[in-house]
Amino acid sequence: QLQLVESGGGLVQTGDSLRLSCKASGFTFARYAMGWFRQAPGKEREFVAGIAQNDRKTRYVDYVEGRFTISRDNTKNTVYLQMNDLKPDDTAVYYCAAPGMMYASDVVPPSSLFRHWGQGTQVTVSS
């Protein structure tokens with residue numbers, strides 16, 4: 001059974017950093033692209049970052065590029081999201097996600113093709 005478990009969220013101040021982790025189980029993690037999404041209060045869930053199987057290909061939404069870094073450790077079945085220079089607009093529940101199928105090793109699939117979700121971890125950035 002596929003399972004994604006996020007951790008690392010919390011309450012921080014503007015300009016602080018956090019690193020989110022997502023531990024995966026129940027599937028061949030190393031063969032799947034992975035992603036991070038977020039959902040702010042009253043808004044739809046949105047794509048934040050994605051990483052291909054081989055971790056050399058990444059993609060970010062434009063307003064986090066340069067501040068957030070997605071990475072993965074296939075030996076630990078874990079994907080990370082390093083978030084620097086956090087802003088109040090980054091406040092949201094952050095979700096780890098996996099697509100519904102495997103893709104080529106250097107592909108980050110479109111956000112609409114992510115099908116499996118963790119329970120989320122709350123990130124709150126105070127001004």
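Scope of the values below: all heavy atoms of this structure, side chains included, with no hydrogens, waters or symmetry mates.
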Spacing of [atom1] belonging to [X] relative to [atom2] belonging to [Y], to within rounding of 0.5 Å:
| X | Y | atom1 | atom2 | result |
| --- | --- | --- | --- | --- |
| M34 | Y80 | CE | OH | 12.0 Å |
| K23 | D73 | NZ | CG | 8.5 Å |
| S7 | Y94 | OG | OH | 15.0 Å |
| T14 | L86 | OG1 | CG | 8.5 Å |
| T78 | L4 | OG1 | CG | 10.5 Å |
| Q82 | L18 | CD | CG | 8.5 Å |

Side-chain donor or acceptor of [X] paired with backbone N/O of [Y] under 3.5 Å:
| X | Y | answer |
| --- | --- | --- |
| R56 | Q53 | no |
| Q122 | G9 | no |
| Y95 | E6 | no |
| R59 | V107 | no |

Where is the tightest heavy-atom contact between [X] and [Y], given as atom of each residue plus distance?
| X | Y | value |
| --- | --- | --- |
| S105 | A52 | O-CB, 3.3 Å |
| I51 | V108 | C-CG2, 3.8 Å |
| Y60 | A49 | CD2-CB, 3.6 Å |
| V5 | Q119 | CA-OE1, 3.7 Å |
| V79 | W36 | O-CZ2, 3.7 Å |
| T91 | V125 | OG1-N, 2.9 Å |

State, yes or no, whether a side-chain contact exists between D85 and K87 at a heavy-atom distance under 4.5 Å.
-> yes
Would you indicate whether the side-chain heavy atoms of R38 and V123 approach each other to under 4.5 Å?
->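 They are not in contact (no side-chain heavy atoms under 4.5 Å apart), so the answer is no.
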Would [X] end up clustered with [Y] when hydrophobic side chains under 4.5 Å apart are linked, directly or stepwise?
| X | Y | result |
| --- | --- | --- |
| M101 | F29 | no |
| F68 | Y63 | yes |
| V93 | L20 | no |
| L81 | V12 | yes |

Q13, CD: over 12 other non-hydrogen atoms inside 6.0 angstrom |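 Open.
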According to the disulfide (SG to SG under 2.5 Å) rule, which pairs have a member within residues 18-124, sequence neighbours left out?
->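 Every pair satisfying disulfide (SG to SG under 2.5 Å) with a residue in residues 18-124: C22-C96.
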F47 vs F37 aromatic rings, parallel, tilted or perpendicular, using cut-offs 30° and 60°?
->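 Perpendicular: the ring planes of F47 and F37 meet at over 60°.
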Using the test ring pair (Phe, Tyr, Trp, His ring centres under 6.0 Å), find all partners of F27 that sit at least two apart in sequence or belong to another chain.
->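 Listed in chain order: Y32.
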